[in-house]
Amino acid sequence: EWLLKIREKTGKELFAVAEYWHADLKRLLRYLDCVDNCMSLFDVPLHFNFYNASNQSGSYDMRYLLDNTLVEHRSDNAVTFVDNHDTEPGQALESNVLDWFKPIAYSLIMLHQNGTPCIFYGDYYGVEGKIECHKEIIDKLLKIRKYCAYGEQIDYFDHDAVVGYTRLGDYDHPDSGLALICSDYLDGEKVMNVGKNLANTCFYDALGNVEELVWTDEEGNGCFKCDKGSVSVWIKKCDRNN
């Protein structure tokens with residue numbers, strides 16, 4: 001009731017997010033139904049998927065990383081996150097996503113077409129003795145999100161270790177579009193399509209994890225690669241005319 005009144009008084013559709021700390025998606029959906037979807041919720045089930053994947057040393061089935069999450073089932077109300085002040089080591093809801101997996105997790109939520117991603121202060125600046133600083137890679141992802149993460153998304157969650165998605169870009173953002181590929185335990189490669197708009201185009205890994213370049217064919221298909229336990233985000237470098 002308060003949200004409805006404050007929005008009516010301001011004349012603005014003010015954003016609001018609530019925390020219902022439960023990994024059961026059905027509970028979160030029921031909560032949203034009860035409040036007529038007037039707010040977003042933190043995607044706690046997604047956090048626990050990341051937590052489990054990071055703690056299973058490569059045995060997690062990456063095909064199901066986004067399954068049973070708010071971003072999958074009610075994306076307009078999903079605030080995606082990796083960790084927060086309560087999940088870090090020593091805190092009340094300790095379920096810290098291990099540092100090796102955080103570049104993968106942040107890449108997935110920050111470049112995804114759905115959900116509103118949230119960056120944890122402790123992941124950005126580090127927490128002495130507890131959490132590494134991930135500022136460098138998050139800054140890269142912020143830039144990629146601003147300039148490249150547009151257009152239709154095609155998912156490639158079809159392998160137990162190597163998964164990814166592409167964004168096809170749009171005409172309002174020149175040279176936008178990308179290919180994301182990540183793996184939890186082996187060096188990977190995957191043929192993915194970035195659309196005919198990015199056909200015959202040279203791509204490079206904007207995160208700097210893979211040095212070689214990738215060319216797409218006349219249909220926009222390219223064989224994109226990543227290292228084991230890592231993520232690569234491929235964006236346009238040039239086309240055949242440049």
Side-chain angles (χ1 to χ4, degrees), residues 1-56 60-127 130-132 134 138 141-142 145 149 153 155 157 163 165 182 184:
E1 292 176 358
W2 178 81
L3 280 174
L4 294 176
K5 288 181 179 180
I6 200 75
R7 287 168 177 160
E8 181 181 355
K9 187 170 182 65
T10 61
K12 298 177 181 179
E13 189 61 29
L14 297 171
F15 176 80
V17 58
E19 179 185 285
Y20 181 1
W21 194 262
H22 208 290
D24 184 354
L25 174 66
K26 291 181 181 179
R27 289 177 180 245
L28 304 189
L29 294 177
R30 190 181 307 122
Y31 183 96
L32 288 170
D33 289 340
C34 287
V35 297
D36 295 325
N37 296 296
C38 72
M39 65 185 73
S40 294
L41 285 179
F42 286 109
D43 197 343
V44 179
L46 179 63
H47 159 75
F48 278 107
N49 285 359
F50 290 156
Y51 169 75
N52 291 329
S54 76
N55 281 276
Q56 290 186 20
Y60 187 88
D61 194 328
M62 296 283 280
R63 289 175 295 182
Y64 307 117
L65 192 57
L66 303 183
D67 280 14
N68 297 312
T69 62
L70 272 179
V71 74
E72 178 188 50
H73 288 275
R74 201 164 300 183
S75 59
D76 289 345
N77 299 94
V79 172
T80 53
F81 72 104
V82 179
D83 269 324
N84 66 24
H85 59 284
D86 284 327
T87 66
E88 64 179 287
Q91 298 304 307
L93 301 173
E94 181 176 342
S95 51
N96 184 238
V97 177
L98 297 183
D99 280 306
W100 75 270
F101 196 82
K102 285 187 175 177
I104 296 175
Y106 272 108
S107 296
L108 286 169
I109 68 171
M110 291 177 66
L111 306 180
H112 201 278
Q113 68 175 352
N114 294 327
T116 301
C118 179
I119 298 169
F120 173 39
Y121 181 101
D123 286 336
Y124 192 72
Y125 292 107
V127 178
K130 293 183 179 181
I131 302 174
E132 295 179 11
H134 296 278
I138 291 175
L141 291 171
L142 286 168
R145 177 180 174 85
Q153 180 172 305
D155 290 331
F157 285 77
V163 297
Y165 58 76
C182 59
D184 65 344

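Keep in mind that what you see is a predicted model, and the values were worked out from it rather than measured.
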Practice problem: On the 0 to 90° scale, with breaks at 30° and 60°, tag the Tyr31-Tyr20 ring pair as parallel, tilted or perpendicular. | Solution: tilted
Practice problem: Of all the heavy-atom pairs spanning Pro103 and Ser107, show the shortest one and how long it is. | Solution: O-OG, 2.7 Å
Quiz item: How close do Asn49 and Thr69 get, heavy atom to heavy atom, and via which atoms?
Solution: ND2-CG2, 3.5 Å
Quiz item: Does the Asn96 side chain pair with the main chain of Leu98, one donor and one acceptor, at a distance under 3.5 Å?
Solution: no
Practice problem: Could you tell me which non-hydrogen atom of Pro45 sits nearest to which non-hydrogen atom of Asn68, and how far apart they are? | Solution: CB-O, 3.3 Å
Practice problem: May I have all residue pairs that pass salt bridge (Lys or Arg N to Asp or Glu O under 4.0 Å) and include part of residues 99-117, sequence neighbours excluded? | Solution: Asp83-Lys102, Lys102-Asp123
Exercise. Could you check if a side-chain atom of Lys12 sits within less than 4.5 angstrom of a side-chain atom of Ile6, using non-hydrogen atoms only?
Key: no
Exercise. Could you walk me through whether Met110 and Ile119 pass the side chain to side chain contact (heavy atoms under 4.5 Å, CB included) test, one step at a time?
Key: CA-CA 9 Å; Met110 291 177 66; Ile119 298 169; 4.0 Å; yes
Quiz item: Listed by chain and number, what are the side chain to side chain donor-acceptor pair (under 3.5 Å) partners of His85, not counting sequence neighbours?
Solution: none
Quiz item: Taking only residues two or more places apart in sequence, or in another chain, which ones meet Arg27 in a side chain to side chain donor-acceptor pair (under 3.5 Å)?
Solution: His22
Exercise. Look up atom CG in Asp61 and atom CD in Gln56, then write down how far apart they are to the nearest 0.5 Å.
Key: 9.5 Å
Quiz item: Is any side-chain heavy atom of Leu46 less than 4.5 Å from a side-chain heavy atom of Ile109?
Solution: yes
Practice problem: Might you work through the side chain to side chain contact (heavy atoms under 4.5 Å, CB included) test for Phe81 and Val17, ending with a clear yes or no? | Solution: CA-CA 12 Å; Phe81 72 104; Val17 58; over 6 Å; no
Practice problem: Decide yes or no for Tyr165 and Phe157: does some side-chain heavy atom of the first lie under 4.5 Å from some side-chain heavy atom of the second? | Solution: yes
Quiz item: Which side-chain hydrogen bond (donor to acceptor under 3.5 Å, both in side chains) pairs, counting each pair once, include a residue from residues 35-46, with sequence neighbours left out?
Solution: Asn37-Arg74
Quiz prompt | Phe50 side chain reached by Tyr106 side chain, heavy atoms, under 4.5 Å | solution = no
Practice problem: Enter the distance from Lys9:NZ to Leu4:CG here, rounded to the nearest 0.5 Å. | Solution: 15.0 Å
Quiz item: Do His47 and Trp21 have side-chain heavy atoms sitting under 4.5 Å apart?
Solution: yes
Quiz item: Does a side-chain heavy-atom distance below 4.5 Å link Tyr60 with Leu65?
Solution: yes
Quiz item: Taking C-beta and beyond as the side chain, do Val79 and Leu41 meet within less than 4.5 Å on heavy atoms?
Solution: no
Exercise. Would you give the length of the straight line joining atom SG of Cys38 to atom CG of Leu3, rounded to the nearest 0.5 angstrom?
Key: 5.0 Å
Quiz prompt | Residue pairs, two or more places apart or on separate chains, that pass side-chain hydrogen bond (donor to acceptor under 3.5 Å, both in side chains) and touch residues 111-121 | solution = His112-Gln153
Quiz prompt | Atom of Asn77, atom of Met39 and distance for their closest heavy-atom approach | solution = ND2-O, 2.9 Å
Quiz item: Can you tell me if Gln91 uses its side chain to pair, donor with acceptor, with the backbone of Thr87 under 3.5 Å?
Solution: no
Exercise. Indicate yes or no: at least one non-hydrogen side-chain atom of Leu32 is less than 4.5 angstrom from one of Leu70.
Key: yes
Quiz item: To the nearest 0.5 Å, what is the distance between CD (Glu19) and CG (Asp86)?
Solution: 6.0 Å
Exercise. Considering non-hydrogen atoms only, spot the tightest contact between His134 and Glu132 and give its length.
Key: CD2-O, 3.2 Å
Quiz item: Considering residues at least two apart in sequence or located in another chain, which fulfil the side chain to side chain donor-acceptor pair (under 3.5 Å) criterion with Ser54?
Solution: none
Self-check item: Charged N-O contact under 4.0 Å between Lys26 and Asp24
Solution: no
Quiz item: Is the backbone of Leu14 close enough, under 3.5 Å, to the side chain of Arg7 for a donor and an acceptor to pair up by distance?
Solution: yes
Exercise. Grab the two heavy atoms, one from Phe42 and one from Cys118, that are nearest each other, plus how far apart they are.
Key: CE2-SG, 4.4 Å
